[in-house]
Every structure is written in structure tokens, then in C-alpha cells.
Amino acid sequence: MTVFLHTLRDLLADLSVGRGSDALPERWAKLLAALVGDYPADASTLMVAHDDGLQPVAVLGLDDEVRGRRFSLTAHPRLAAIAAHPGVCRFPLDSPLPDPFDGLLDDTLSHVHDCMGVALRDGDRLLGMLTLDALTPGCLATVDDDELLAAAGLLATCLRLAQQLSDTRSRLNQALDQHFTDQDAPRHSTPDWQSPAMRRLEESLALVAPTDMSVLLHGETGVGKERIARRVHALSARREGPLVRVNCAALPESLIESELFGHRRGAFSGAVRDHRGHFAMAHDGTLMLDEIGELPLAMQPKLLRVLQEGEIQPLGSETPQRVNVRLVAVTNRDLSQEVAAGRFREDLYHRLSVFPLQAPPLRERREDVPLLAGGFLEDNRIRLGLANLRLDLAAEHALLSWPWPGNIRELEHTLGRAALRAFGDQSPAGQDARRNAVVRIAAHHLELPTTPADDTTSSEPTVPETHPAPPVPLREAVEDFQRRHIAHALEVHDGNWAATARTLGTDSGNLHRLGKRLGLKP
């Protein structure tokens with residue numbers, strides 16, 4: 001209990017300075033471990049409820065990529081049953097309901113044989129969920145329901161306090177801005193980024209989104225710039241207004257002015273009716289100008305005038321029209337270099353870049369690859385109708401080693417193709433067999449080059465080949481492989497457990513717990 005109280009104190013201290021309930025993985029993991037870490041479970045999760053489902057914020061005994069997944073109640077009947085249960089929900093050992101963590105607890109793709117959970121509530125409102133899973137049938141029978149309910153009550157209190165602190169801070173920020181409405185800011189489910197680069201970007205987003213400043217968002221192709229622009233809108237006071245996206249590169253030069261500012265009937269040949277431009281469509285909302293670097297030089301003074309005057313004049317109209325639009329300009333070009341080359345107006349560049357944001361490439365945020373992969377695996381699991389979809393150890397190493405020149409888009413497409421190849425190799429026959437299938441993606445399914453394109457991960461250990469003798473039980477063989485593989489990684493990193501966890505692509509707390517179970521640490 002002392003560990004729990006100290007961890008709770010640290011958690012609330014971090015929350016009080018603005019870190020949200022799903023931005024503190026280490027704190028939540030320590031809370032979970034303090035309360036249920038000694039239970040005879042192979043895996044435990046603490047999940048927080050969002051509009052788009054349940055998001056794990058702390059896991060024990062599971063890969064870190066699980067925290068990148070979203071578990072909807074409609075897609076996972078066991079989670080729905082736990083959410084509807086008033087107390088501790090225990091499932092029969094022969095329950096036909098698929099478990100959301102089937103095949104994720106160890107490297108043998110084993111199905112969960114013992115499962116229980118408790119819904120975390122604030123009155124009738126679902127805050128989250130606590131789950132326990134075990135591979136051994138009947139393993140969780142010794143867990144005392146009253147003790148588990150007490151632990152769940154403490155976790156629910158922690159979640160409630162976290163949300164109250166977050167909401168209070170949000171309301172204080174709103175009170176400081178006269179443009180904000182009286183509505184509470186909605187909670188948006190976002191991944192719990194591990195990389196410093198993305199955490200800095202999230203801090204900048206939280207700073208600029210509530211204002212009406214123009215934002216210039218720069219980043220390489222495939223880094224997720226559109227998603228970031230949508231976050232700017234969703235976190236702003238304009239979130240109830242429209243978000244209009246325009247791809248400047250896709251507009252014919254002869255129609256750009258009409259598309260942006262609109263026209264009146266008869267303004268030019270073919271203008272048979274009035275047309276609202278994108279600025280008018282985005283009134284009281286946000287206009288996202290994608291590929292702004294492709295805007296022709298002749299159009300740039302007209303865009304500058306709209307930004308300066310706050311009004312547009314549709315083609316064929318004699319009367320200017322006031323517009324209230326927040327602009328987010330997106331580009332993969334370096335506009336300062338475009339200015340120096342004479343291809344972009346300097347005054348427009350400075351008007352657009354009131355608050356510049358840089359979306360980091362995936363090679364600079366490799367810590368986030370497991371979280372992103374988890375989300376894409378869940379998407380493909382649903383698409384293929386599988387019980388579960390996971391990566392084997394060699395595939396995880398391959399994902400962490402590859403520099404991803406195509407960034408997040410390349411990762412998404414790579415996992416989509418790999419999931420289909422792995423599914424084809426297994427080829428479960430019939431719909432029922434598919435629903436019970438746990439498909440494992442191997443390194444060869446990814447079809448990535450075996451040698452990384454840069455040398456940033458050349459020191460990572462390779463996966464050793466093991467051939468256990470037939471008489472050895474499978475679980476012992478798996479544990480023996482894990483023990484030797486982790487020991488080798490520890491030797492490479494001079495006994496540094498945190499660095500070893502990063503190399504192995506797993507959560508540090510989970511690795512410490514596994515190390516104790518395997519006898520690698522006292």
C-alpha cells in the first residue's frame with residue numbers, strides 16, 4: 001500500500017501540472033502493479049473509456065503494442081460483459097466468448113483459459129476497466145472478489161481524480177480565453193506517445209490549438225500531417241464548426257480562385273450557378289490548405305489579402321464578404337527555401353507561419369512504432385475477422401530496425417500487406433475457424449530488407465536460433481528462449497534494463513516482471 005500511495009502522489013502531482021490521464025504510462029503501470037501485480041495472472045490491464053472504445057493505459061505481461069490498440073465493446077463481447085456486470089465478472093473456463101488477449105500473452109499463440117474483470121465506474125458512467133487473464137485453467141480461482149473490488153475502487157478513484165484535474169485545468173484555460181465557449185472540451189483518444197519528439201509536438205498543440213493563430217505544419221510525406229491538423233481543429237474553440245480540407249496541388253490553376261473564394265453565376269463561361277468557395281464553407285471553422293507550397297505565385301497575393309483583411313470577394317461579385325476562418329497550412333516543402341528561390345512570397349510565408357509546427361519523421365520517433373503498430377494490427381484484425389493478430393519477436397525487431405522512409409503511411413501499408421500474407425499462410429477454413437484464429441505475423445511476411453537502411457540500430461542483437469528437444473514441454477522451451485534472449489540483450493547493454501526494454505520493444509515494467517519470473521533478477 002505504501003508503494004501505491006507514493007505512486008498515486010506522483011501521478012496526481014504530474015496531473016496537476018497538465019499531463020493527462022493517458023500520458024503517464026509509467027505511473028499507471030506502477031499503480032496497476034502495486035494493486036494486482038502479485039495476483040496469479042499472466043496478464044493484467046488497466047483500460048480507460050473513450051468515445052471510440054477502451055484504451056489500455058497500463059499493461060502487465062503484455063507487449064507494449066497492446067497500448068496502441070482500441071477495444072470497442074461491440075467488437076469484444078467479453079469486455080461488453082464486464083462493462084455490464086455490477087461486480088467481479090468471472091467467465092466459465094469453457095466460455096465460448098473470444099478473449100481480446102487470445103494469442104497475446106506468450107509466443108505460442110495460446111488462448112486465454114481463465115479470465116475475470118471489473119468495470120471502473122463513476123456512478124453510472126464507465127470510466128475504464130480492470131482485467132486479469134491467465135493461461136492455466138482455474139488459476140484465478142484463488143483471487144478474492146472483495147479484494148479485487150477494493151483494488152478496482154482505488155483505480156476508479158484514481159481515474160476520476162485524473163479526469164477531474166484534467167477538466168479543471170481545461171476550464172481554467174478556457175476562462176483565460178474570451179473566445180472559448182462554455183462547453184467542456186471533449187476528450188480525444190490519442191496514443192500515449194513514448195518519443196520525446198511527439199511529446200514536444202503534443203505540448204505545442206495544446207498551446208496553440210485553443211488560439212486563433214495561423215499554423216504552418218511541415219513534415220515529410222506520410223508522417224500524419226492531416227491527422228495533426230485535425231487535432232488542431234478538434235482541440236480548438238472552433239471544434240463545433242466545419243473543418244474544410246483543400247489540396248492545393250489538385251486544383252487546376254484556372255479554377256483555384258473560384259474554388260477558394262467562390263463565384264457568382266455568369267462570372268465566366270460555364271458558371272451556370274453561384275458557387276460557395278472553400279473559405280465560405282469554412283466560416284466559423286478551420287480551413288486546412290494542404291500542399292500550400294504548390295499554390296501558384298500569381299494566387300499568393302490574393303490569399304495574403306484574405307488573411308490580412310478577413311474578407312473574400314467571389315468572382316463576379318461587387319461586394320466583399322466577411323469570413324471568420326482559422327487557417328492551417330500544410331506542406332512537405334521547406335517554405336523558407338522556396339522564399340529564397342523566389343517561388344513563394346515572403347510576406348505570405350510570415351503570415352502563414354505565425355506558429356510553425358514540425359511533424360517528426362518516424363525514424364526520429366522509433367519508440368512510438370509499437371504503439372502505431374498495435375493500432376494497425378487491431379484495424380487489420382477487424383478487417384480480416386480474426387480472433388487476434390500479433391507480431392512474432394523477429395517481426396518486432398524488423399519493425400524497430402527499419403528507418404521507414406515512407407513514415408507512418410509505409411508502416412500502415414506494410415502491416416496491412418503482412419497481415420494478409422500471414423492470414424493466407426494460415427488459411428483458417430470457415431467463418432467459425434476464422435473467428436477463433438490467432439494469426440502471427442513473421443518477419444518474412446513484412447518483406448522488409450534484412451539490412452537496415454541506416455546504422456542507427458546496427459548494434460541490436462539478432463534473434464538466436466533455438467531448437468528445443470522434443471521431450472521439453474513447450475512452456476519451458478519458450479521460457480528458456482526468453483531467458484537466454486533477454487540475458488543476451490542485457491549483456492549488450494551492460495545490464496541496463498531500460499535500454500534492454502527499448503531494444504526488445506517492450507515495456508520496462510513488463511520486462512522487470514518477466515525477468516523476476518525467469519530468475520534473471522532477484
Side-chain angles (χ1 to χ4, degrees), residues 63-65 67-69 190-202 217-228 291 293 330-334 337 357-380 389-422 440-464 485 488-489 492-493 496 498-508 511:
D63 285 344
D64 202 44
E65 59 92 354
R67 291 194 298 109
R69 302 192 182 209
T190 56
D192 173 20
W193 304 124
Q194 298 294 292
S195 64
M198 280 305 293
R199 288 182 174 178
R200 287 193 298 269
L201 179 60
E202 284 293 325
L217 176 58
H218 177 266
E220 297 177 6
T221 299
V223 295
K225 297 189 291 296
E226 182 174 349
R227 182 174 181 175
I228 296 171
E291 303 293 351
V330 180
T331 182
N332 58 8
R333 295 188 178 187
D334 186 335
Q337 293 184 4
L357 291 175
Q358 178 75 31
L362 194 52
R363 63 181 175 276
E364 295 179 4
R365 43 177 301 211
R366 298 191 192 217
E367 302 94 327
D368 297 328
V369 168
L371 295 177
L372 291 165
F376 296 141
L377 289 173
E378 182 66 10
D379 291 342
N380 284 282
L389 181 66
R390 66 169 298 177
L391 299 165
D392 72 9
L393 191 59
E396 291 180 13
H397 277 290
L399 292 183
L400 292 171
S401 300
W402 187 242
W404 301 109
N407 294 296
I408 298 175
R409 187 178 300 148
E410 182 188 2
L411 174 64
E412 179 182 10
H413 294 168
T414 296
L415 287 175
R417 293 190 296 268
L420 194 58
R421 294 187 189 107
R440 176 166 54 188
I441 295 175
H444 69 271
H445 293 131
L446 300 172
E447 292 192 351
L448 293 173
T450 55
T451 303
D454 60 19
D455 59 358
T456 56
T457 57
S458 58
S459 62
E460 292 185 357
T462 57
V463 181
H485 187 61
H488 175 66
V492 170
H493 292 288
N496 188 316
T500 300
R502 286 192 295 271
T503 295
L504 297 180
T506 188
D507 178 74
S508 180
L511 185 62

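On a predicted model such as this, the values are computed, not experimentally measured, just so you know.
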Closest approach of [X] and [Y], non-hydrogen atoms and distance?
| X | Y | answer |
| --- | --- | --- |
| A419 | N380 | CB-CB, 3.9 Å |
| I408 | V223 | CD1-O, 3.3 Å |
| L400 | P370 | CD2-CD, 4.1 Å |
| M198 | D368 | CG-OD2, 3.4 Å |
| A418 | L446 | CB-CD2, 3.7 Å |
| I441 | A395 | O-CB, 3.5 Å |

Those residues that, when tested against E378, pass salt bridge (Lys or Arg N to Asp or Glu O under 4.0 Å) (two or more places apart): R69, R381

Between [X] and [Y] (side chain of the first, backbone of the second, donor and acceptor by atom type, cut-off under 3.5 Å), is there such a pair?
| X | Y | result |
| --- | --- | --- |
| H218 | A359 | no |
| R365 | S195 | no |
| R421 | H445 | yes |

About how many Å separate [atom2] of [Y] and [atom1] of [X], when rounded to the nearest 0.5 Å?
| X | Y | atom1 | atom2 | result |
| --- | --- | --- | --- | --- |
| E396 | D64 | CD | CG | 9.5 Å |
| R200 | L357 | CZ | CG | 13.0 Å |
| L201 | R199 | CG | CZ | 13.0 Å |
| L391 | H397 | CG | NE2 | 11.5 Å |
| L411 | W404 | CG | CH2 | 4.5 Å |

Residues forming a side-chain hydrogen bond (donor to acceptor under 3.5 Å, both in side chains) with E220, sequence neighbours excluded: R363, N407

With sequence neighbours excluded, residues passing side-chain hydrogen bond (donor to acceptor under 3.5 Å, both in side chains) with T331: none

Audit row: E447, T414, side-chain contact (heavy atoms from CB on, under 4.5 Å) steps and yes/no: CA-CA 8 Å; E447 292 192 351; T414 296; over 6 Å; no

Between [X] and [Y], is any pair of side-chain heavy atoms under 4.5 Å apart?
| X | Y | result |
| --- | --- | --- |
| N332 | K225 | yes |
| L393 | H485 | yes |
| R67 | L371 | yes |

Pair L362-L372, side-chain contact (heavy atoms from CB on, under 4.5 Å): steps then yes or no: CA-CA 10 Å; L362 194 52; L372 291 165; 3.6 Å; yes

Residues W193 and E367: side-chain donor-acceptor under 3.5 angstrom: no

Residue pair E65, L377: steps toward the side-chain contact (heavy atoms from CB on, under 4.5 Å) verdict: CA-CA 9 Å; E65 59 92 354; L377 289 173; 4.0 Å; yes

side-chain contact (heavy atoms from CB on, under 4.5 Å) evaluation trace for V330 with E291: CA-CA 6 Å; V330 180; E291 303 293 351; over 6 Å; no

